[in-house]
Visitor: 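My structure is below; once you've seen it, I'll send some questions.
In what follows, every heavy atom counts, from backbone to side chain, and hydrogens, waters and symmetry copies are set aside.
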Amino acid sequence: MPADWLPREWNYVARLVVVSAAIAWAWRRWLPMRFSLASIGAGVVAGLIGCAAWVALLNPFVEGGEPWSVTGWWLRFAAAVLLVPLFEEQLMRGFVLRFGTQWQETKNFDATLDEKSIYDVPAGAMNMAGVALSTALFTLGHGMVEWPASVVYGLLMCALYRWRKDMTSVVVAHAVTNAALAIYVVQAGAWQLW
């Protein structure tokens, strides 16, 4: 793990650079985001609900945690609020959810990969395979202790995407959740949650 040989601050500098490069490389392939006050407002509300759920579901399973340096906290905050929501939501809801939805509809993995395009799936369309696949992969991207919170959060993002039918609302929600969690962690001294 880079965290084993790279100081925390430099680890987040590296993440900021690598994820920014990935976003820049993939930008044209991602689903468009349309900005509306309704989508932003729905994202803010869902993000605050998501943060409350995350804290409630994770807090019973974690303890301790060391405070971060001010620089480390700001670097992680920047990554968590500016890059992670865009990258993860475009990947999980923009690609994996749509891929799983097409796969269940075609019932043919090869046809889904070779003959279909995720861009043909209407915004907000989903089925059980898409929801299960995107939620499972999102959950696996987190530590085992975070799995209950990750499952609930993944389902919340699927529901928000289904309702709003746009990527803006889920990206905003994810950013608000991460920002609210970071502020809660530092204000409450609940470093074990981050």
Side-chain angles (χ1 to χ4, degrees), residues 1-23 26 43 46-97 99-100 126 128-161 167 170-194:
M1 279 310 282
D4 295 338
W5 53 269
L6 195 60
R8 184 179 285 163
E9 289 82 2
W10 285 105
N11 187 310
Y12 273 91
V13 168
R15 289 178 188 204
L16 284 165
V17 169
V18 169
V19 175
S20 294
I23 289 170
L48 293 173
I49 291 168
C51 181
W54 190 273
V55 170
L57 291 168
L58 183 57
N59 211 24
F61 302 105
V62 294
E63 56 186 44
E66 296 177 25
W68 286 49
S69 70
V70 173
T71 303
W73 186 87
W74 278 108
L75 287 168
R76 183 167 182 179
F77 182 85
V81 174
L82 300 175
L83 300 178
V84 169
L86 183 59
F87 183 80
E88 282 189 358
E89 292 308 326
Q90 284 284 351
L91 180 63
M92 294 304 158
R93 258 51 71 188
F95 178 77
V96 176
L97 176 70
F99 175 82
M126 62 185 68
M128 289 303 293
V131 171
L133 187 59
S134 66
T135 301
L137 288 178
F138 177 75
T139 299
L140 290 172
H142 292 83
M144 192 178 290
V145 72
E146 296 173 324
W147 284 3
S150 298
V151 168
V152 169
Y153 195 80
L155 294 173
L156 174 65
M157 291 301 100
C158 286
L160 178 61
Y161 183 62
M167 290 303 298
V170 292
V171 170
V172 168
H174 203 142
V176 167
T177 296
N178 289 354
L181 180 61
I183 292 166
Y184 175 79
V185 162
V186 77
Q187 292 298 316
W191 297 97
Q192 70 276 9
L193 295 174
W194 209 27

Visitor: Mind running side chain to side chain contact (heavy atoms under 4.5 Å, CB included) on Glu66 and Trp191 for me, showing each step along the way?
Guide: CA-CA 6 Å; Glu66 296 177 25; Trp191 297 97; 6.0 Å; no

Visitor: What distance separates Met167 CE from Gln90 CD, expressed to the nearest 0.5 Å?
Guide: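 Separation between the atoms: 4.0 Å.
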
Visitor: About how many Å separate CZ of Phe138 and SG of Cys158, when rounded to the nearest 0.5 Å?
Guide: 10.0 Å

Visitor: Without swapping roles, check the side chain of Thr177 against the backbone of Gly47 for a donor-acceptor pair under 3.5 Å.
Guide: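 It does hold such a pair.
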
Visitor: Enter the distance from Leu48:CG to Leu181:CG here, rounded to the nearest 0.5 Å.
Guide: 11.5 Å

Visitor: Please test Leu160 against Arg93 for side chain to side chain contact (heavy atoms under 4.5 Å, CB included), starting from the C-alpha separation and ending with a verdict.
Guide: CA-CA 10 Å; Leu160 178 61; Arg93 258 51 71 188; over 6 Å; no

Visitor: Taking only residues two or more places apart in sequence or in another chain, which ones pass side-chain hydrogen bond (donor to acceptor under 3.5 Å, both in side chains) with Glu146?
Guide: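 Residues passing side-chain hydrogen bond (donor to acceptor under 3.5 Å, both in side chains) with Glu146: none at all.
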
Visitor: Donor-acceptor check, side chain of Trp54 to backbone of Ala149, threshold 3.5 angstrom: yes or no?
Guide: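 Such a contact is absent between Trp54 side chain and Ala149 backbone.
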
Visitor: List the residues meeting side-chain hydrogen bond (donor to acceptor under 3.5 Å, both in side chains) with Glu88, not counting sequence neighbours, and say none if there are none.
Guide: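 If we apply the side-chain hydrogen bond (donor to acceptor under 3.5 Å, both in side chains) test to Glu88, skipping adjacent residues, the hits are His174.
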
Visitor: Once you round to the nearest 0.5 Å, how far does OG1 of Thr135 lie from CG of Leu155?
Guide: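 Answer for the OG1-CG pair, Thr135 versus Leu155, is 4.5 Å.
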
Visitor: Indicate yes or no for a side-chain donor-acceptor contact from Trp147 to the backbone of His142 under 3.5 Å, with no hydrogens or angles considered.
Guide: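 Confirmed, Trp147 side chain pairs with His142 backbone.
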
Visitor: Distance from Leu137 atom CG to Met92 atom CE, nearest 0.5 Å?
Guide: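 Here the rounded value is 5.5 Å.
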
Visitor: Can you tell which of Val131, Val170, Leu91 makes a side-chain contact (heavy atoms from CB on, under 4.5 Å) with Leu97?
Guide: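 The passing option is Val131.
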
Visitor: What's the spacing between Glu9 CD and Ser69 OG if we round to 0.5 Å?
Guide: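 Here the interatomic distance stands at 3.5 Å.
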
Visitor: Under 3.5 Å, side-chain donor or acceptor atoms of residues 72-87 against the rest of the protein: list the pairs with distances, not counting sequence neighbours.
Guide:
| residue | atom | partner | partner atom | Å |
| --- | --- | --- | --- | --- |
| Trp73 | NE1 | Ala182 | O | 3.4 |
| Arg76 | NE | Tyr12 | OH | 3.2 |
| Arg76 | NH1 | Trp194 | O | 3.1 |

